[in-house]
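No experiment lies behind these values; they were computed from the predicted model shown. Here is the naming used below: chain letters follow the sequence lines, and residue numbers restart at 1 for every chain. Hydrogens, waters and symmetry mates play no part in the numbers below; they use all other heavy atoms, side chains included.
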Number of protein chains: 2
Amino acid sequence: MVANAGAMSNLGQSSDSVRQHNLSTVLRLVHLNRKILRSQLTSITGLNRSTVSALIAELEELGLVEESESEGSSGVGRPSLMVTPNEKVVAFSVNPEIDATTVSVVTLSGQVMDRRRKLMGSHPSPEDAIRVSAEEISDMRKKFRPGTQIAGVGVSVPGQVRTSDGVIRYAPQLGWVESAFATALSQETGLNVFLGNDASLGCLAEARFGTAKNVNDLVFLFAGSGGIGGGVVSNGRTVGGAAGYAGELGHMKVSSSGRLDYSGLPGTLESLVRREDLLDFFKLYVATDEELDAEIKSIESSRAKRLMHDQLDSLAEGLSNLVNIFNPEVIVLAGFLTSLFEFDPDYLLARVKKGSLAAAAERVVIRNGALGADLLVLGAAELPFDALISSPSSYNLQSAYATRVESGEGDSL
Amino acid sequence: MVANAGAMSNLGQSSDSVRQHNLSTVLRLVHLNRKILRSQLTSITGLNRSTVSALIAELEELGLVEESESEGSSGVGRPSLMVTPNEKVVAFSVNPEIDATTVSVVTLSGQVMDRRRKLMGSHPSPEDAIRVSAEEISDMRKKFRPGTQIAGVGVSVPGQVRTSDGVIRYAPQLGWVESAFATALSQETGLNVFLGNDASLGCLAEARFGTAKNVNDLVFLFAGSGGIGGGVVSNGRTVGGAAGYAGELGHMKVSSSGRLDYSGLPGTLESLVRREDLLDFFKLYVATDEELDAEIKSIESSRAKRLMHDQLDSLAEGLSNLVNIFNPEVIVLAGFLTSLFEFDPDYLLARVKKGSLAAAAERVVIRNGALGADLLVLGAAELPFDALISSPSSYNLQSAYATRVESGEGDSL
DNA sequence: AAGAGTATGTTGTTGCAAACAACAAAATAA
DNA sequence: TTATTTTGTTGTTTGCAACAACATACTCTT
């Protein structure tokens, strides 16, 4: 099956769709909180104790959650049971990069169980990445404990993804154009494959498990070696756009400068806030984010400081626009923007407020992301998990020991 | 009661909330379509014929909808009944401007029954506007047919509105700051009052009844004498932001120009695309949109053409950003932007595509709004109607013949 | 240490809303 | 006129959550 996190028409609701909805709701709460008491489930959902009990029993039957006696005493009265996701429910994360492909295993409880980075030739084709991913997945699958259930594969793509059919529309750094990645990887693995833009998935991860937990209006900005990407959550929902290409915040024009970004657009945020510029200045070549961060933390010269403030100015212009457009509760920065921010947090916030409307900016908070290296891994895994959670009783989980891919396994759209 | 289109937590669903949901769904469909066949309701909602029958009976009981035999034959088989909103359910729209306040009556079926524009002194205070509105409303109420039910009052505010408590945070043209408008007008009228930003309401109206009907991802840009406002619909839902201030698209910085907009921000869309500039050029002073449009349609001189193309260039820069950020299906223009667009539609579209990512722009369509003078009237009325529709059986409709405002009527938050 | 108090889990019953089936009604097509 | 098609109506069934009563397991008090 190929990804389509389809917005089911939520119109008429029959009585049994209520059951499905409540089942989803409970499973989602368990997944988001990693562990949660039964009593909390009843109070949060507003459902009756007996109803919650029945729902959990069904989820346990499906092998999706487990119950255990809670350790710490929580107060007077009979102690409530702790509900946790079943550790045997997992998803794969695939992250293709310019010189490597990383495959990871994530449990429904958010643990990264395994991670393998396969170095590849300098310009891998989609087919190369698919082959390598499928090999790693197949190998990891063999080592799973018996009874392990696989929700599917989530792929974080450094480029634009058409969500309707899981096609990579354009990934500039990789040089990939119109690749039916999801269908192909699904064929190779027999698993459900879901694609998402890397920054959008990072946004999702920070909104669910990171620094923006429980935030309903959120702007996320991520800068790596390949430019600046972004993601937005509004009303608690990811802003995806008509085809899934929304969130290209780095390509927002903020200046009349003629400098081009990696997509050839002039005067954009991405063209002005550049990791490369800093590396050049510090004469660092091929540095990790950590090395760059250390360099920034030890800045002394006023020339370096001026460079940093120039970068912060440009970043602030972009963020001001986003504040006016989205009136977010929180702005989350990731990648090398975290170092930039930490260089002078007050300055950035002040500049953002100066460039935006007082009302929209008055409560905004800027924070660094909290998930570090797990950002994209967790984000990508959320795609298959979302599909599972939205229909727990009917979702087609795969077993660990692969029924080898026979003809026409992985059903396409 | 004061507005708070509160996002009720949609978690646990009990059996009677299903009834409410389905009641809402049916009423919403009737409202959005103005008239709809029972058979269509069953097929769209997926509910059973008998269920739809019962729901409509309840809505009829509540005086919200009416049934009639459909006129034209629609094919073989027993003809289906036509369901329409009850014409006796109305809402008031209030639109304060710099020199006048307009009060209108709109039926649940979307008909504007009455509209009165009261001229006011040059700089009316919020209290002035509230007094005038309350007087007009009281007067109009007296003339309603017996049995008329009032859903409430919707106010379109040319400024920033805090949705949580219906306070006008800042309305630059009017010079209003922190005015508890909703509470005060509710006190005066005894009706439920809801506030919204004018451009956001325009967006809502175009998305529901105008040129963007059934569009789930939409960017709306509205330019009047007081600058440029905007609205966005993403995933079928209005983007409101944490406090309701989202959608200030006119204050997006797109250039390094030092020109200031009406809020004092430099290089923004609003500072570059200006009705005033055109009026100055054509030596028109205090012209209506129609007069300006006529002038633009008769342009001959290359100097005028250059001016128009400059304005289009700036508009395109803003729209390109919005395309990259939202990947909308449709962009809707209103106010004097319609004249600008019609001057050279192909040019604008080409420039927008040039400034944005190919993927995000490939299917985008630019259109003029279709609602004209009814835009804000219909948009504002949607606020009370939304409240009614989201809980048809428990909503507190007011009767036409006002029980005069006794002490502590209009319950505040 | 024992009992009171409290919060939670469990079981059996009830109530309610939508689905379903069978039938009636109102149109078209032949 | 008769067969066919589609829709509305009525009475019955099914399924899910609410509810009430009871059982359980902890804390707090004395």
What's A:Leu81 touching, base or sugar-phosphate or nothing? Going by heavy atoms closer than 4.0 Å.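 Sugar-phosphate contact only.
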
Answer with base, sugar-phosphate or nothing: what part of the nucleic acid does B:Ser50 contact at a heavy-atom distance below 4.0 Å? base

Residue [X], side-chain heavy atoms: nucleotide from [options] that is nearest:
X: A:Leu47; options: C:dT10, D:dA17, D:dG8; result: D:dA17
X: A:Arg19; options: D:dT9, D:dC19, D:dA17; result: D:dA17
X: B:Ser80; options: C:dA18, D:dG8, D:dA17; result: D:dG8

Could you run down the sub-3.5 Å N/O contacts of the protein with nucleotides 26-30 of chain D?
residue : atom : partner : partner atom : Å
D:dC26  : O2   : A:Gly77 : N            : 3.3

Could you tell me whether A:Glu87 and A:Arg145 make a salt bridge, using a distance below 4.0 angstrom between a side-chain N and a carboxylate O? no

Flag the pair [X] / [Y] as yes when at least one side-chain heavy-atom distance between them is below 4.5 Å, and no otherwise.
X: A:Val106; Y: A:Val377; answer: yes
X: B:Asp217; Y: B:Ser234; answer: yes
X: B:Ser24; Y: B:Ser391; answer: no

For residues 208-216 of chain B, please give each side-chain donor-acceptor pair under 3.5 Å, one per line with the distance, not counting sequence neighbours.
residue  : atom : partner  : partner atom : Å
B:Arg208 : NH1  : B:Glu382 : OE1          : 2.6
B:Arg208 : NH1  : B:Asp386 : OD1          : 2.8
B:Arg208 : NH1  : B:Asp386 : OD2          : 3.4
B:Arg208 : NH2  : B:Asp386 : OD1          : 3.2
B:Arg208 : NH2  : B:Asp386 : OD2          : 3.0
B:Thr211 : OG1  : B:Arg367 : NH1          : 3.3

Between [atom2] on [N] and [atom1] on [X], what's the gap in Å once rounded to a whole number?
X: A:Leu37; N: D:dA25; atom1: CG; atom2: C1'; result: 15 Å
X: B:Leu41; N: C:dA18; atom1: CG; atom2: P; result: 14 Å
X: B:His21; N: C:dA18; atom1: NE2; atom2: P; result: 11 Å
X: B:Glu67; N: D:dT7; atom1: CD; atom2: P; result: 14 Å

Nearest-nucleotide wise, let me know which of B:Ala54 and B:Arg49 is further upstream toward the 5' end of DNA chain C.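 Closer to the 5' end of DNA chain C: B:Ala54.
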
Mark yes when over 12 heavy atoms from residues, nucleotides or ligands other than A:Arg363 sit less than 6.0 Å from its CZ; otherwise mark no.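 No.
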
When you measure from the side-chain N and O atoms of B:Thr51 to the phosphate of C:dA19, is any distance below 4.0 Å, counting only OP1 and OP2?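 It does, given that an N or O in the side chain of B:Thr51 lies less than 4.0 Å from OP1 or OP2 of C:dA19.
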
Can you tell me how far CG of B:Leu27 sits from CG of B:Leu32, rounded to the nearest 0.5 angstrom? 9.5 Å

